2 protein chains.
Amino acid sequence: MAKATPKRPWGEGIQDRGEQYELKRQVVLRTAARIYTQRGFHETTLTDIAEALNISKPTLYYYFRSKDEILFECHRLGIEAITDGETPMPPPGEGTARERLHEFLRRYVRMVVDDFGTCLVMTGANALGPENRAEVVGGRRQIDGMLRGILEEGARDGTIVCDDIMLTSMFIFGAMNWIPHWFHREGEINVDTLSVRLVAFVDRALLSAPQ
Amino acid sequence: MAKATPKRPWGEGIQDRGEQYELKRQVVLRTAARIYTQRGFHETTLTDIAEALNISKPTLYYYFRSKDEILFECHRLGIEAITDGETPMPPPGEGTARERLHEFLRRYVRMVVDDFGTCLVMTGANALGPENRAEVVGGRRQIDGMLRGILEEGARDGTIVCDDIMLTSMFIFGAMNWIPHWFHREGEINVDTLSVRLVAFVDRALLSAPQ
DNA sequence: TGGTTGTTCGACCCGTGGGTCGAATCGCGA
DNA sequence: TCGCGATTCGACCCACGGGTCGAACAACCA
């Protein structure tokens, strides 16, 4: 029992200093993302986050420069989950647009159901300072562009039918971005079912003849 | 030019006392709804609202008991726009479920594009105190029930096809609730086009055979 | 023209919460 | 075991914003 549990809330592991530092940053971010999502950014106090981690407020400032930076990092991680996931999106030309659409939707649903994705989608970026906001908005614009690109391609190769690409893409993002408002990972429905049903829903809306 | 403009920001009119009072309340609410929507509830200060109206903060307290009450009234008006609009929803049994679905969607889009509807959908109800929140949540639940009811009815009378009513209704609400995040009344697209396209989108998703 | 009620505001109160500082403690290498 | 950097925290600062108070001002009636 000598040095058994050093009582540190971070969890154990003998990684070297810098590694520990990065690890702890991640833990803070995950926790913060969850609380931001539940209570909202401005309703969340740094003390809330600190208490959830069993640490003190100043300790947070050892890892992050400000409350904003914490939110910003959460958003960045959410965006990265899509723009450069480990398996990159198949490039245009590979497979039909319809297949790429399905892949995009599945990936987006997965993202939106994760802590950081949920945080990205539920807490507005207007809380951030100008430079950070600009980056987040840029990232989201890029993601918007992905879907629109796929729809355009599909309209060209005939695997997708829709009147208005801009409106259609917004309806689709809406259906997906709303998911965190009602979906809970512990609930009856699991993520795969959700994903399948969402793809089916969109698929029908885009592929079938009207009437 | 005698008593031309009394410099009151409220606008003129010689209505009697109580009528004036109600009118001014409405003006406050519309303004507040707009600012809450733009900046978010917690990011909005009462001074912001007061300045937008050219009045002082204490004057707001002459018309409302608290910042919460203002938000609550906005939400209430948003909900009322659907649950008891001037033309009531046709009761179950009148027309096909599909027709009633279209009517519901059109009405919901109209609501969500209005100041109060936008405010309802964009500012979470968790800002409100328990009793007010309960009422708002109840109202939203009622609206949820309307759509689910229509879908169930449609599944029965065969005018609607869908795998999972709960998920489907959430996708639909998502597509509509997201509208305020990107739609602007002054933009190129008008509300009617939006409404028509949304109905078409959902219609296809619900009526066509898969594949 | 005075009194009474309805309406508005300047000035203030005070709790909250983001952020800082300096001291205490930890943990590893020598 | 000592020493030094890495890490943590108690106590504090202070701006901001919701909310209040009492006085001024307006409007209507006699």
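When reading the values below, keep in mind they use all heavy atoms of this one structure, side chains included, and skip hydrogens, waters and symmetry mates. Quick caveat, the model's predicted, so the values are computed rather than measured.
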What is the distance from CG of L60(B) to C1' of dG10(C), rounded to the nearest Å? 15 Å
Separation of dG6(C) atom P from R25(B) atom CZ, nearest Å, is 16 Å
Counting only N and O atoms by type, is there a donor-acceptor contact under 3.5 Å from the side chain of K67(B) to the main-chain atoms of F41(B)? yes
Carboxylate-amine/guanidinium proximity below 4.0 Å for E103(B) and R100(B): no
Rounding to an integer number of Å, can you tell me how far Y61(A) OH sits from dC21(C) P? 12 Å
In whole Å, I'd like the distance from the NE2 atom of H42(B) to the C1' atom of dG17(C). 13 Å
Would you tell me if any nitrogen or oxygen in the side chain of Y63(B) comes within less than 4.0 Å of OP1 or OP2 on dT8(C)? yes
Expressed in angstrom and rounded to an integer, what is the separation of Y62(B) atom OH from dC25(D) atom C1'? 13 Å
Residues E152(B), R148(B): salt bridge by 4.0 Å N-O rule: no
Establish, with yes or no, whether the OP1 or OP2 oxygen of dT8(C) is under 4.0 angstrom from a side-chain nitrogen or oxygen of K24(B). yes
Between P of dT8(D) and CG of N54(A), the distance in whole Å: 13 Å
Which heavy-atom pair separates F104(B) from L147(B) by the least distance, and what is that distance? CE2-CB, 3.7 Å
Only pairs under 3.5 Å count here: list side-chain donor-acceptor contacts from residues 115-139 of chain A, not counting sequence neighbours, and write none if there are none.
from    : atom 1 : to      : atom 2 : distance (Å)
D115(A) : OD1    : R34(A)  : NH1    : 3.4
D115(A) : OD1    : R185(A) : NH2    : 3.3
D115(A) : OD2    : R30(A)  : NE     : 2.9
D115(A) : OD2    : R34(A)  : NH1    : 2.9
T118(A) : OG1    : V112(A) : O      : 2.8
T118(A) : OG1    : D114(A) : O      : 2.8
T123(A) : OG1    : H75(A)  : NE2    : 2.9
T123(A) : OG1    : C119(A) : O      : 3.0
R133(A) : NH1    : N126(A) : O      : 3.4
R133(A) : NH1    : L128(A) : O      : 2.8

Measure from CD1 on I55(A) to P on dC26(C) and round the result to the nearest Å. 17 Å
Using the rule given for side chain to side chain contact (heavy atoms under 4.5 Å, CB included), can you reason through L101(A) versus L206(A), listing the C-alpha separation, both sets of side-chain angles and the distance that settles it, and then say yes or no? CA-CA 10 Å; L101(A) 172 68; L206(A) 293 184; 3.6 Å; yes
Would one find a side-chain N or O of T59(B) under 4.0 angstrom from OP1 or OP2 of dT8(C)? no
Output the rounded distance in Å from CZ (R65(B)) to C1' (dG18(D)). 16 Å
Show the distances under 3.5 angstrom between N or O atoms of the protein and N or O atoms of nucleotides 11-17 of chain D.
none

Please identify each residue that fulfils ring-ring contact (aromatic ring centres under 6.0 Å, His included) with H181(B), with sequence neighbours left out. W178(B)
